[in-house]
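See below for the structure under consideration.
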Amino acid sequence: MSAVADVEYLLIGSGVAASTVAMRLLAHDPDTSILMLEAGDEIPSKDRRAWWDFVVTGALPYDYTYDDDAQVSYTGNTPWRMNGSRVTAYGGTTMHWGGWALRMKPEDFRLRTNTGKGGDWLVGYDELEGYYCEAERHLSVCGDPADTSVPRSEPFPLPPYPWLAADLEMFEGFAASGATPARMPLARFRKCMTTGTCRYCPLGARFSGQYVNDDLRAGGYPNFEIRTQATVTGIRLDSRRRARGVSYIDRSARGNGEVRQVDAAKVIICAGAFESPKLLMMSGRPFYDHGIGNDAGNVGRYLVSHSFLSVSGTAPSNPDRVTSEYGFPTLMSRSLDDETRQATGKIFMFRNQNTPGGNWARLMQAGKTRAQIDAIATGPRHIGISAFYEEFGVCGNYLRPIAGRFDRFGLPLMEIHFDRTTEVTKNAHLRLAEMEEIFRAIPDYVLDEKGSKFEGAAGFHASGTCRMSRTPEDGVTDGDLRVHGMDNLYVCSNAVFPSVGAVNPTLTLTALAFRLADHLAGGRPAPVAASREGVA
Amino acid sequence: MISRAYYTEPLPASLIYSEPRALAASEIDALWEIFTAINRAWSLFHTRDPAHTVLDASNLRSTWLEFVRLRAESTSQPSYVGEYENAIRVVAALRAEGDGDPFERLFFDRDLVGASPNAHEAAPMSTRAAHAKDYVVDEFISVMVIASGFKEFGGRNYNGFLGGSRFNRVTKIAAHVDLPIPGVRS
Ligand SMILES: Cc1cc2nc3c(=O)[nH]c(=O)nc-3n(C[C@H](O)[C@H](O)[C@H](O)COP(=O)(O)OP(=O)(O)OC[C@H]3O[C@@H](n4cnc5c(N)ncnc54)[C@H](O)[C@@H]3O)c2cc1C
Ligand code: SF4
């Protein structure tokens, strides 16, 4: 540790990125000093009252942390939904993620080389493959040993969920149209009891960053600490190259809103794709006029997320009363997530997990009789295929803080500018047409001609806002996730992704977090740790 | 005597404020009557599997009790004691009136209970009867369906049903192919 620093590592945020980095650093050296500062509160997990509240009323114990859409100023030609796109709390957004845990494909790391669009990664699939295996173990991913959609050196740590009866017809439709059906890899511990209310799991069976933090706190590490209700307001610098530490507002009852400072040998921003760039933009004076690492104006730019595509249709009856029995999809296909479609936007398809529906309680509450509900249960059967569509980060799409205005956590409000070109819309409709063709191959179903949708953007997979690049002219961080021009300031977040492929980002982020910690520890591989399941 | 004036009395649609407390045995009995009346009205546990089920919802009693007690007694979240007291009185008032089965009226009479479900989300004002429907009956319906009532309408699993480990020998869902899953010992 530097002679003047309070701690060796200062981590901003306590989500999956921060918790994975901390866990790995402590595996390297259990005595190392780490302080995590988290803006949000601690929300009880595995609380039966909170779970029942969710199940009967839909209220989640953390939904008060969601962004109110009115807090964000939207510009650009395409609506962007923030509400529900992140959780500001101890454990971060994995408090309510779905746990779908997919690897990006090898070609996703070479998007710019292959297509001239978006950005290239400075780390390739082959280098990340070992870290993907570690990430799958860490998140306890259940997956199909026969899955060949990406090269892998180790099998999934846990076996997959079986396909549901509700998957049957779609399975046939996929197969008939040449799309390979596959099982969704999911981050679920062995104790999963298949209740399907995973946004608040009563058993702690769906991975959350919270559990890792809890384990670290209980792990007897003498120099590890997490402070919640601690909102970092800026990175303090010693020089143009060196971060000295951070300032934060202590929102806890004892802290009374006071501003505090901590000095650190290394600062790692793990504040998500929205707050990480904001922190860089709000820091740096007098050494930087427009924020740290932002001389070329790239911080906050290249904002991108996935958009939803969906098709649906109906069969005349449902004699077997089939319903979707989990709150997550078990059937997916990566066949249209392939290199030939890379230039026009790949898609990752999955069965819409809400169909065939069957909200019997709702019908009873609405006063429907038993006979009426039976008729609905055996009547027309509606199903849908949904997909994430890969859009490419472009310089003109950005987020930036609004000066002097803050939310209830003390985080700056923001402006989001998102434009979509006619070419993107045209390409998305090409994919939609392919999905319709697959749907038409499902026996007995009639496609709902007006049911095909390409939706606006939503922030749940936001990325690109501190993208990695060879030079500061083209991005914000280097291949080691260090902010260009800085010696000891790093970003670990989806923000560093130069492209996000068509699949959910968190497994890749977790792999990057392991890799970053190994880099910080001097490039050494960490000693093999006990699996989290064993400690949980 | 409690009467029509009681259950039609207007009051704000939001949850009736109350302090948490343990429910008396008589209150639990009165609430249980509502729960079992739901079963009767929709015949959820009559027909499915006569060999293994009884003619009422007794098998769900421990789940239901946990639910009711957590809502009445837990200190960290709003208490439902006020709603439970109200619902018990509404049922008593309907019964005293003697104009048909009080539960059928509470479950199906839209003039009495308003545009449920979740009427309280739509309007600032409500009535005592609508409160009983929104905060007690509708929630009990959800509990009954989730705790295995759904099986009557179809399916072996449902959002919220704690079906047991997926590694058990018997699959917990209506599976597409009921074969052993690779890697799982059976
Ligand atoms: C509804 C939903 C479903 C999702 N499902 C999936 C899925 O199935 N699979 C998948 O791969 N991904 C999914 N995601 C995405 C996934 O949740 C994110 O990729 C992941 O959680 C990001 O982790 P993180 O640690 O980078 O950020 P976060 O988990 O957001 O953590 C950042 C933390 O930093 C804190 N913070 C921010 N600013 C400050 C500050 N100034 N000072 C102190 N603390 C600060 C925040 O409070 C937060 O706790 C989903 C997202 C959403 C919204
Ligand atoms: S299916 Fe149920 S037990 Fe499994 S992770 Fe989801 S909520 Fe938890």
Among A/Arg321, A/Arg49, A/Met193, A/Arg48, who wins on heavy-atom pairs under 4.5 Å with chain B?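 Sorted descending by pairs with chain B, the first entry is A/Arg49.
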For the candidates A/Ala165, A/Ala205, A/Ala166, A/Ala377, which exhibits the highest count of non-hydrogen atom pairs separated by less than 4.5 Å from chain B?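 Answer, by heavy-atom pair count under 4.5 Å with chain B: A/Ala165.
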Which bit of [X] is near chain B, if near means a heavy-atom gap under 4.5 Å: side chain, backbone, both or neither?
| X | value |
| --- | --- |
| A/Pro202 | side chain |
| A/Asn318 | neither |
| A/Leu203 | side chain |
| A/Phe54 | neither |
| A/Ala50 | both |

Any side-chain heavy atom of [X] within less than 4.5 Å of one from [Y]?
| X | Y | result |
| --- | --- | --- |
| B/Phe161 | A/Glu325 | no |
| B/Phe67 | A/Val56 | yes |
| A/Trp52 | B/Thr63 | yes |
| B/Arg71 | A/Asp53 | yes |
| A/Gln365 | B/Ser142 | yes |
| B/Asn159 | A/Phe328 | no |

Partner of B/Phe153 under side chain to side chain contact (heavy atoms under 4.5 Å, CB included), chosen from A/Ile373, A/Ile376, A/Thr323: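 It is A/Ile373; the other options fail the test.
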For the CG atom of B/Asp138 and the CE atom of A/Met364, what is their distance to the nearest 0.5 Å?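 Taking CG in B/Asp138 and CE in A/Met364, the distance rounds to 10.0 Å.
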Please round to the nearest 0.5 Å and tell me the distance separating atom OG1 of A/Thr369 and atom CZ of B/Phe107.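 Reported value, rounded in 0.5 Å steps: 14.0 Å.
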Tell me the closest heavy-atom pair linking A/Lys368 and B/Trp42, and the distance in Å.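 Reported closest heavy-atom pair: O-NE1, 2.7 Å.
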Evaluate side chain to side chain contact (heavy atoms under 4.5 Å, CB included) for B/Tyr158 paired with A/Asn359, printing each intermediate quantity in order. CA-CA 9 Å; B/Tyr158 195 78; A/Asn359 193 338; 3.8 Å; yes
Please classify the contact between B/Tyr80 and chain A as side chain, backbone, both or neither, with a heavy-atom cut-off of under 4.5 Å.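 Contact with chain A involves the side chain of B/Tyr80 alone.
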At a heavy-atom separation under 4.5 Å, does B/Leu162 approach chain A through its side chain, its backbone, both, or neither?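 B/Leu162 touches chain A through backbone and side-chain heavy atoms alike.
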Please determine, among B/Val143, B/Asp109, B/Ile38, B/Val137, the option with the most heavy-atom pairs under 4.5 Å with chain A.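 Of the candidates given, the most pairs with chain A belong to B/Val143.
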